[in-house]
Amino acid sequence: MLKATLRSFLAHKGRLALSALAVILSVAFVAGSLIFSDTVARTFDRLFASTAADLSIGPKDDLDESVPTGRTPTVPADLAERVAKVDGVAATHVDATVENITVVDRDNDPVGPTTGAPTIAGNWYETERSPVDITSGRAPRAAGEAMIDADTADKKDVEIGDTLKILAAPGSFETRVVGIVTFTTTNPGAALVFLDTPTAQAKLLGGENRATSISVDAATGVSDTELKRRVAADLGSRYDLETADEQAESAASELGGFLDVIKYVMLGFAGVAVLVGIFLIVNTFSMLIAQRTRELGLLRALGADRRQVRRSVLIEAVLLGVVGSTLGLAAGIGLAAGLIELMGLFGMNLKSTDMVIAWPTPVASYIVGVGVTFLAAYLPARRAAQVSPMAALADAEIAGVGRPLRVRAIVGSVVAAGGAAALVGCATSSDTSTSASLLGLGVVLSLLATVVAGPLLVRPVIRVLGGAFPAVYGSVGRMSQRNALRNPRRTGATAAALMVGLALVGGLSVASASMTKSFDDQIDKTLGADFVVQNSSFMPFPTEVTEKVEATDGTGLVVRSRFTPLKLRMPDGKTVETTAAGFGDQLDEVVKTTYAQGSSARALAPDRLAMDRGYAKDHDVRVGSVLPVEFPGERKVELTVAALTDNEGPEGPGMQGGLFMGLGTLEKYVPDGQDSAVYVNTAPGTDSEALRDRLDTALDPYPQVQVRDQADYKKLIREQIAVMLYLVYALLGLAIVIAVLGVVNTLALSVVERTREIGLLRAIGLARRQLRRMIRLESVVIAVFGAVLGLALGLVWGVSMHQVLELQGLKAFAVPWSTLVAVVIGSVVVGIVAALLPALRASRMNVLEAIAHE
């Protein structure tokens with residue numbers, strides 16, 4: 001039996017190759033994502049470990065530092081002298097480093113990354129832990145001098161002697177490049193600018209006695225933990241103390257979010273490849289077993305029992321899985337190398353020679369590859385074991401033709417009922433997390449129900465889809481339609497591969513279209529200003545930008561806006577951390593706000609606060625409630641709720657509750673923040689387009705900010721949502737590739753299965769062109785059947801997703817009909833492309849040999 005299994009596997013290796021491709025793709029994405037994330041993590045672990053000080057003393061701030069306030073937490077710089085006297089301290093260094101800056105050259109072009117990595121400016125001092133060495137020029141010694149990293153200098157053509165302008169929170173200033181530094185470790189993609197320490201403190205932090213942290217070196221024989229204990233005993237609990245290991249762990253956790261995004265995206269591709277590949281493998285093994293009915297019957301007649309036959313088929317599947325996993329692992333290594341090179345284009349200079357292939361990677365690869373093929377082949381293997389020894393004497397097959405679909409109908413109905421109940425629960429739930437959980441359950445169950453019950457839909461749907469074939473193509477069209485109807489199980493499984501991808505596209509396209517329309521409606525409803533001046537990444541900008549706007553000829557009303565993280569203790573006893581906005585007076589002139597109680601005048605009054613009505617109700621807050629509030633820097637005050645809003649729009653991340661206050665209140669408790677937006681109205685008698693041109697000219701020295709109107713805002717939102725759609729289309733592309741493989745495999749094996757039939761058709765006068773057309777039409781109707789099921793399922797998912805979005809304020813609903821029509825047309829093209837090779841092969845058959853084929 002083992003010899004027979006090996007010979008059978010090698011005899012069908014060409015037919016199994018397409019199935020192996022599905023395994024290779026799924027394993028490649030799994031292996032590639034794990035290798036890439038492990039390599040980046042290991043590289044940065046080494047960077048953090050080699051550059052972290054023995055002990056770092058920083059400001060203690062429990063609030064979310066990612067909120068774009070423009071504020072830079074600091075500690076007194078003279079803390080270094082005090083700590084230097086602690087027993088066990090070898091040396092201390094003042095750090096004055098910020099990331100909320102922009103650097104431009106003489107042409108006002110940004111000098112720094114534009115891919116999301118930061119531009120970091122800080123003070124220079126000699127230390128063994130520095131990630132860079134001076135490779136050209138010298139260190140800055142006085143105000144007006146700076147060094148820049150070599151990678152940035154090469155990309156932006158910056159040389160020693162060039163003048164750069166640094167736009168920092170306290171104001172902008174010019175420096176001359178006197179040195180170039182080169183990374184000794186991995187360049188994380190950031191641009192580095194170094195100043196002398198007094199200049200960095202004054203120009204970046206706004207004070208000579210300020211530091212972002214104090215780096216402490218331990219004396220010989222003193223451990224980091226012991227050093228932390230001694231320094232803590234001297235300083236108390238006023239500051240945040242971290243050892244080198246704790247700093248590395250903290251930095252790694254921040255990096256982990258970036259790595260998780262890449263890992264989950266790639267694992268999403270792997271999941272789609274696995275799911276679609278299962279249908280392909282099931283179909284392939286089912287058809288191969290059907291074609292070997294007599295062979296399997298002969299084995300049974302020679303004494304092989306059912307268990308041996310089943311084991312034989314499963315061994316073939318395992319062999320396919322092992323081969324596919326091995327090739328997939330190799331492809332994954334190549335994919336990881338490609339990602340490493342791609343990161344180089346974004347400024348993260350990783351080295352392929354440092355690639356990490358940890359033991360979990362090959363283990364996961366073989367578990368996925370072998371596991372998928374084994375599970376997919378199990379049902380066909382069970383059918384193979386049911387072959388009777390008498391089948392060796394008959395021209396029979398066990399492909400399932402004519403077998404009742406009663407079990408599928410029952411199981412499909414039960415699963416569909418569960419999926420429908422979950423989606424109805426999603427639509428009726430008022431809690432976002434519950435609704436999202438029910439949505440996930442409903443998506444999974446409805447997908448399973450469609451896959452299980454798909455063969456039941458083959459005959460009614462394909463009769464409709466191919467109804468015009470007989471009238472248009474005559475007997476060829478009639479035969480193509482009947483071929484698709486011949487085996488509902490096979491047709492359903494083949495179409496299911498395409499259905500999965502199109503269901504994802506349909507659902508997410510509806511969700512994205514609804515999001516876009518909701519944001520468009522919200523912008524129309526709430527934005528009353530003629531223009532908004534904002535950073536391209538919504539980060540704060542220096543005060544001088546606001547001053548330039550106010551001084552521009554034709555500018556009328558100007559309303560400033562800032563953000564801050566804060567903690568509130570609610571009347572229900574809960575402590576919540578969120579983000580609040582601060583607005584200047586005359587807010588009603590630039591932003592249209594609907595109030596359930598109170599007004600803008602009350603909300604913006606000193607020590608007052610406004611909150612969303614629904615959020616207030618959830619926490620037992622009423623107008624007049626006095627809430628203990630903690631601002632950054634551990635400033636604790638009490639604010640009175642003076643107004644409740646009734647806005648229906650979406651809230652940004654971390655913006656739960658719709659909290660806002662007067663800018664005077666915010667600046668009183670967070671005095672060192674920066675403006676995040678400036679709302680501008682045109683002065684009476686001034687043309688708005690003329691004012692825009694003047695604003696653009698006035699803000700030309702500040703490339704980090706843009707002037708936007710309503711149309712620009714809508715375009716910006718669409719571009720951000722489009723990023724999600726690009727991922728969806730990439731998933732669709734992968735699903736289509738594997739689905740095409742599935743259709744090609746099914747048609748190719750079907751041609752082999754119908755060799756004698758095709759020979760007879762040719763013998764009675766069917767032309768080669770007609771034969772090719774028959775196979776193409778069969779392929780097209782199967783592909784369109786999968787598209788119809790997928791889009792129908794996707795629309796149901798899209799409606800359910802909209803219910804979840806509605807709980808977040810995105811209430812508009814839209815269906816992108818043009819996209820869905822394009823998908824149907826694309827499915828026709830997929831069917832034609834998939835049929836090319838099988839149709840060509842069928843048309844080239846020798847008629848006499850085909851008739852004699854058994």
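It should be emphasised that the depicted structure is a prediction, and the values quoted were computed from it without experimental measurement.
When the salt bridge (charged side-chain N to carboxylate O under 4.0 Å, His left out) test is applied to D521, the partners found at least two apart in sequence or on another chain are K517. Partners of F29 according to the ring pair (Phe, Tyr, Trp, His ring centres under 6.0 Å) rule, which considers only residues two or more places apart in sequence or in another chain, are F269. The ring pair (Phe, Tyr, Trp, His ring centres under 6.0 Å) test applied to F813 returns H802, not counting sequence neighbours.
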Enumerate, atom names and distances included, each donor-acceptor pair closer than 3.5 Å involving a side-chain atom of residues 782-792, sequence neighbours excluded.
none

Please tabulate, one pair per line, all N/O donor-acceptor pairs under 3.5 Å involving side-chain atoms of residues 818-833, not counting sequence neighbours.
from, atom 1, to, atom 2, distance (Å)
S827, OG, V824, O, 2.4

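Contact annotation: the side chain of L836 never approaches that of R772 to less than 4.5 Å [non-hydrogen atoms, C-beta and beyond]. Using a 4.5 Å heavy-atom threshold, the side chains of L423 and Q803 count as separate. Annotation: side chain of L34 is in contact with side chain of V30 (closest heavy-atom distance under 4.5 Å). The shortest side-chain heavy-atom distance between V510 and W797 does not fall under the 4.5 Å cut-off. Contact of the Q481 side chain with the L465 side chain is not registered, since no non-hydrogen atoms from C-beta on lie closer than 4.5 Å.
At distances below 3.5 Å, at least one donor-acceptor pair connects side-chain atoms of S509 with backbone N or O atoms of V505. Side-chain N or O atoms of S429 include none that pairs as donor or acceptor with a backbone N or O of C426 at under 3.5 Å. Panel note: side chain T434, backbone S430; no donor-acceptor pair is recorded below 3.5 Å. For the pair T491 (side chain) and A484 (backbone), a donor-acceptor distance under 3.5 Å is present.
Closest approach of S480 and G477 over heavy atoms only: OG-O, 2.7 Å. Smallest separation of non-hydrogen atoms from S514 and A814: OG-N, 3.1 Å. Among all heavy-atom pairs drawn from S325 and G369, the shortest one is OG-CA, 3.1 Å. Across all their heavy atoms, A812 and S518 have their closest contact at N-OG, 3.0 Å. Across every non-hydrogen atom of P362 and L329, the tightest pair is CB-CD2, 4.0 Å. Closest approach of L335 to G32, counting heavy atoms only: CD2-CA, 4.4 Å.
Screening residues 363-381 for side chain to side chain donor-acceptor pair (under 3.5 Å) gives T326-Y366 as the qualifying pairs, with residues at least two apart or on separate chains.
S433 and D431 share a donor-acceptor pair across their side chains, judged by distance under 3.5 Å alone.
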